[in-house]
Amino acid sequence: MSKNSLLNDLNPQQRDAVLHTKGPLLILAGAGSGKTKVITYRFAHLASAQKVSPASILAMTFTNKAAGEMRSRIETLMNRSLKGLWIGTFHALSNRILRKEIDRLGFHRDFVIYDDDDSNSLVRSILKEFKMHEAIYKGIASRISSMKAALIGPNEFLNNETSLDFDEKFARVYVRYQDELKKNNALDFDDLIMDTVRLFEEHPAVLKKYNKEISHIMVDEFQDTNTAQYRLSRLLAGEHQNLCVVGDDDQSIYRFRGADVRNIMSFEKDFPSARVIKLEQNYRSTQVILDAAGGVISQNPVRKLKKLWTEKNEGEKLYYCVANSENDEARYIAKSIRELYLKGKYSYSDFAVLYRMNLQARALEEALRVYGMPYRIIGGISFYHRREVKDIISYLKVINNPKDSVSLKRIINCPPRGIGDTTTARIENEAKKKNKSFFDAMKSLSSSSDSAALKEKISDFIEIIDELTAKRGMAPPQLIQLVLEKTGYIKWVEKERIENITEIIRMAEGMNLQELIDAASLFSGADERVDSNCITLMTLHSAKGLEFPVVFIAGVENGLLPHFHAMQNPEELHEERRLFYVGITRAKDILILSSAKKRRLYSSIQELEPSSFLSEIPSGCYFYTGMMPIPMVESVPRITPKRLRTVDFSPPSIFLPGVRVKHPKWGIGVVRDSYGETDDVKVMVNFSTVGVKRLSLKFANLERL
DNA sequence: AAACTAAAGCTTTTT
DNA sequence: GCTTTAGTTT
């Protein structure tokens, strides 16, 4: 891409930011203002126009996903591969430096990294040894984590011994924890940052080396940096001070894990020569949504003023609905999604339902399932992650492929058949020794083992699996039934979980084994499938950085949003407001807020009042619509996944109710009904442009979407 | 190794 | 109130 066309793509402020290449730069990037675009273009500009080697530009973010996205967008822009450059997460880049230099800190270069589970169990074992209450290990671990985030190592903590709130017991654990890490040649996540800072501060020559190698620094999501990460960025910027930080103080929502908005506030103090550029043009939302967002966030007293604007039109007003209970709220949301979906303009993946707490997902999930609409839950435990569902799927996976040892190990003692940790370890051993799969190791042990009891237990299990494997050609619903009976699972599993199993059987109808397994795997959370056409359910926190045409925010109540725990402390209340702001600014076209009068929370049913944040939305921005803001149209045939997949009812057409279609003249619509003989199928289609039309398939020239 | 009992915790989350 | 998990018993 030529230099000019690169710059022509940008608005004046974005261009300023890209062209400012020398010295400290603070980019205050409002929501939806093209922040990533600026970073990637700035990288490309530095490299092409400024002749800076891509190898001397360092770009840091928080998540692997964000880093990967940044990298691939720059690669596309520059049309070249950027492998091995300084683009990555704080942790990954620190790790890279430490792998080379850590011997100066007395560690070996092949140190191991402890994840949260590892550090938790280390803390636990220390507490046990100290005869302290073990159950608080999580609290201690997170306290250690925030100490390190603030660059207070055990030594610094001990130096503070005279302070009044010095916690001697905690200090002992902290010191010991750090000693143990060293003994194990291990670093936890926070150490990766803290020790890199320590390395640079204690060994100026090392820092100098990196300062020479890296001439430009860019930090994304700067409002989420903690003290250690900010210090690291400053150290890396060295004397050249070519430090560009990008962030939005209004979207700082990770205080609880050490993020410090003050970093963004004090950047100008720390770098008096810093240029500050505000990106205020929003490319995402309608004016009404921006007005609502602006009204809310303006109530926060300490912030960098930004006034978002858009060239888009006013747009549709917000809706706000009060339901009686969380279940009513969920039904209302499901119903609204169906109405909007059936109008044909939006596909399922255009919808997101956001909430403050993961537990809210339950009611929503239930309602969506009843309405037969596909959804995915980010973060929480979704249907396919339920224990019993995973168990059954694991059986199917083993039947389909006995080499799948992960699934095999999951079900080997489920229901219990006397094969516990000891036996499993033994099979594992055998498998390693003979270089066999887990299943083959079981087979050979069952014939050669010295223990008769062990032999019998294992061969019984093998027999069940073999028997089931022989029947793998069966239709999945019957196959699942067979699994449930032959394994005794149905007798063993708790009653309330059976409901979910019936649900898998129901969903399995009309699919073959491979399809079912794939469907279940596709839903397995973390690896996000963009192409899966699903409604997205997630917390407000996980929604940061994303956008959806239609956004619901559920549970807009005092106690949930703002959360109980945050209502006392003004700082935390402000963060809750920012969280709401983040939620509002995710929406492109339509934003629907809802709350429930009563809600089951933990032990009891709570009566909650609408969030006080609601009154901060300018009253002209939304409809208060009581119970049912979106009028119900005539009753619609219930679209269940089963019905969508079943082929055995006439007409044998792919244009079944719920299917989205495209008509050459009327555009996109949704099939509401289909009937008639094979050679003369009639369909009723609801088009977003012209409403419901009755068409003959033979002539209509419909395209399935 | 499994079944039982007791007890804690329960906001948000990435590395 | 319910789920998860740790510890104890059989």
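So you know, we letter chains A, B, ... as the sequences are listed, proteins then strands, and number each from 1.
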For the pair made of CG in A:Asp220 and C1' in B:dT14, what is the distance, rounded to whole Å? 14 Å

Is the closest side-chain donor-acceptor distance between A:Gln178 and A:Asp191 under 3.5 Å? yes

In chain order, what residues pass the ring pair (Phe, Tyr, Trp, His ring centres under 6.0 Å) check against A:Tyr177, with sequence neighbours excluded? none

Looking for any heavy atom pair under 4.0 Å, which part of the strands does A:Ser604 touch: base, sugar-phosphate only, or nothing? nothing

Within the structure shown, what part of the strands sits under 4.0 Å from A:Tyr254 by heavy-atom distance: base, sugar-phosphate, or nothing? sugar-phosphate

Sorted by chain and number, sequence neighbours left out, side chain to side chain donor-acceptor pair (under 3.5 Å) with A:Arg198 holds for A:Asp195

Determine, answering yes or no, if A:Phe256 is stacked on B:dT12 under the 5.5 Å centre rule and the 30° plane rule. yes

Can you name the residues that form a side-chain contact (heavy atoms from CB on, under 4.5 Å) with A:Glu572, not counting sequence neighbours? A:Arg255, A:Ala566, A:Asn569

Suppose you measure atom P in B:dT12 against the same atom in C:dT5; what distance do you get, rounded to whole Å? 15 Å

Could you tell me the separation between the CZ atom of A:Arg600 and the C1' atom of C:dT3, rounded to a whole number of Å? 13 Å

Residue A:His565, side-chain atoms from C-beta onward, closest of B:dT11, C:dG1, B:dT12: B:dT11

Stems formed with participation of DNA chain B [Watson-Crick or G-U wobble, under 3.5 Å, three or more pairs]: B:1-10 with C:1-10

Rounded to the nearest angstrom, tell me the gap between atom CD in A:Glu326 and atom P in C:dC2. 13 Å

Return the value, rounded to whole Å, for the distance between atom CG of A:Leu601 and atom C1' of B:dG9. 15 Å

Looking only at atom types and distance, does a side-chain atom of A:Asn263 sit under 3.5 Å from a main-chain N or O of A:Phe222, one as donor and one as acceptor? no

Can you list every side-chain hydrogen bond (donor to acceptor under 3.5 Å, both in side chains) pair that touches residues 85-94 of chain A, not counting sequence neighbours? A:Trp86-A:Glu213

Rounded interatomic separation in angstrom, taking CD1 from A:Ile140 and P from B:dG9: 12 Å

Among the nucleotides B:dT11, B:dT15, B:dT12, which one has an atom lying closest to any side-chain atom of A:Glu576? B:dT11

Not counting sequence neighbours, which residues clear side chain to side chain donor-acceptor pair (under 3.5 Å) with A:Arg586? List them please. A:Gln251

Euclidean distance, atom NZ of residue A:Lys544 to atom P of B:dT14 [Å, nearest integer]: 11 Å

Give a yes/no verdict on base stacking between B:dT12 and A:His541: centres under 5.5 Å, planes within less than 30° of parallel. no

Report the nucleotide, chosen from B:dT13, B:dT11, B:dT15, that has the shortest atom-to-atom distance to any side-chain atom of A:Tyr602. B:dT11

Would you mind reading off the distance between A:Met538 atom CE and B:dT11 atom C1', rounded to a whole angstrom? 17 Å

The side chain of A:Thr539 is closest to which nucleotide in this list: B:dT15, B:dT13, C:dT3? B:dT13

Roughly how many Å is it from CZ in A:Arg356 to P in B:dC10, rounded to a whole number? 14 Å

From B:dT12, C:dG1, B:dT13, nucleotide with atom closest to A:Met357 side chain: B:dT12

